Amino acid sequence: MQNPYFTDFYHGWIIEVAQTNGRFSSTCYSPSRERFSDDNAHASDFQAVSAAKRRINLYLAYHALSSFFRELYELDQLSFEEWRSLQQSLTKTKAAS
């Protein structure tokens with residue numbers, strides 16, 4: 001990689017990759033400017049971008065499922081306890097990733 005820094009795009013997100021001391025890290029920005037960084041240092045820019053894409057996919061899946069569960073609850077397809085239990089399991093999974 002010639003530049004110590006480059007940008008990629010994925011599902012409307014911006015992925016910025018920076019090189020520091022021969023290692024690569026990424027920062028992701030959503031269309032609404034939410035931001036999260038990958039705290040891991042990767043051996044290549046490709047690995048940093050791949051890790052960022054996985055994080056984006058997990059983020060999108062979490063929010064899609066959360067919205068779906070909320071919709072089911074609002075349509076009386078889930079009880080409050082069912083909704084809360086599903087939401088808590090999502091939150092635990094999100095924290096573990």
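It should be emphasised that the depicted structure is a prediction, and the values quoted were computed from it without experimental measurement. Below, each value reflects all heavy atoms present in this structure, side chains not excepted, and no hydrogens, waters or symmetry copies.
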J.: Using a 3.5 Å distance criterion without hydrogens, assess whether the side chain of S50 forms a donor-acceptor pair with backbone atoms of F46.
T.: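 Yes, the answer is positive, given that a donor and an acceptor are paired below the 3.5 Å cut-off.
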J.: How long is the straight-line distance from CZ of F36 back to OG1 of T27, given to the nearest 0.5 Å?
T.: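 If I round to the nearest 0.5 Å, the distance is 9.5 Å.
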J.: Between atom CD1 of I56 and atom NE2 of H11, what is the distance when rounded to the nearest 0.5 Å?
T.: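 Spacing of CD1 (I56) from NE2 (H11) equals 8.0 Å.
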J.: Would you please indicate yes or no on a ring centroid separation below 6.0 angstrom for W13 and Y10?
T.: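 Centroid distance Y10-W13: not below 6.0 Å, so no.
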J.: Within this structure, what is the NE2-OG distance for the pair H63 and S30, rounded to the nearest 0.5 Å?
T.: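 Those atoms lie 9.0 Å apart.
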J.: By the rule that ILVMFWY residues connect when side-chain heavy atoms come within less than 4.5 angstrom, directly or transitively, which residues belong alongside I14?
T.: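 I14 shares its hydrophobic cluster with F9, Y29.
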J.: I need the minimum non-hydrogen distance between F24 and A48, along with the two atoms involved.
T.: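 Between these two residues, the closest heavy atoms are CB-CB, 3.9 Å.
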J.: More than 12 heavy atoms of other residues, nucleotides or ligands under 6.0 Å from CZ of F68: yes or no?
T.: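 At most 12 heavy atoms, drawn from other residues, nucleotides or ligands, come within 6.0 Å of this atom.
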J.: State the CD-OG distance between Q47 and S25, to the nearest 0.5 angstrom.
T.: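 It comes to 13.0 Å.
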J.: Just how far is it from atom OG of S32 to atom CD of E34, taken to the nearest 0.5 Å?
T.: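 Nearest 0.5 Å value for the OG-CD distance: 4.0 Å.
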J.: Measure the shortest side-chain to side-chain distance between V49 and V17 over non-hydrogen atoms and say whether it is less than 4.5 angstrom.
T.: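 With C-beta onward as the side chain, the pair touches.
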J.: Please check this pair: side chain of Q77 against backbone of Y73, looking for a donor-acceptor N/O pair closer than 3.5 Å.
T.: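 Not at all, since once roles are kept as given, no pair shorter than 3.5 Å links the two residues.
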J.: Looking at S89 and L86, would you say the former's side chain and the latter's main chain have a donor-acceptor pair under 3.5 Å?
T.: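 Indeed, once roles are kept as given, a pair shorter than 3.5 Å links the two residues.
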J.: Report the distance from atom OG of S26 to atom CZ of R55, rounding to the nearest 0.5 Å.
T.: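 Output value for this atom pair is 8.0 Å.
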J.: Which heavy atom of C28 sits nearest to which heavy atom of I15, and what is that distance?
T.: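 Scanning both residues, the minimum pair turns out to be SG-CG1, 4.3 Å.
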J.: Applying side-chain contact (heavy atoms from CB on, under 4.5 Å), run through W83 and L72 and close with a yes or a no.
T.: CA-CA 8 Å; W83 171 80; L72 289 177; over 6 Å; no
J.: Within the distance-only criterion (no hydrogens, no angle test), does the side chain of E82 pair as donor or acceptor with the backbone N or O of S79 below 3.5 angstrom?
T.: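 Such a contact is found between E82 side chain and S79 backbone.
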J.: What are the two closest heavy atoms between Q87 and Y62, and how far apart are they?
T.: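 Scanning both residues completely, I find the closest heavy atoms to be NE2-OH, 3.5 Å.
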J.: Which heavy atom of R23 sits nearest to which heavy atom of A41, and what is that distance?
T.: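 Looks like NH2-O, 3.0 Å.
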J.: Membership question, hydrophobic clusters at under 4.5 Å side-chain separation (ILVMFWY): are L75 and L78 in the same one?
T.: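 As far as the 4.5 Å side-chain criterion goes, L75 and L78 are not connected within one cluster.
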J.: Side-chain donor-acceptor pair under 3.5 Å between Y5 and E16, yes or no?
T.: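 Side-chain D/A pair, Y5 to E16: present.
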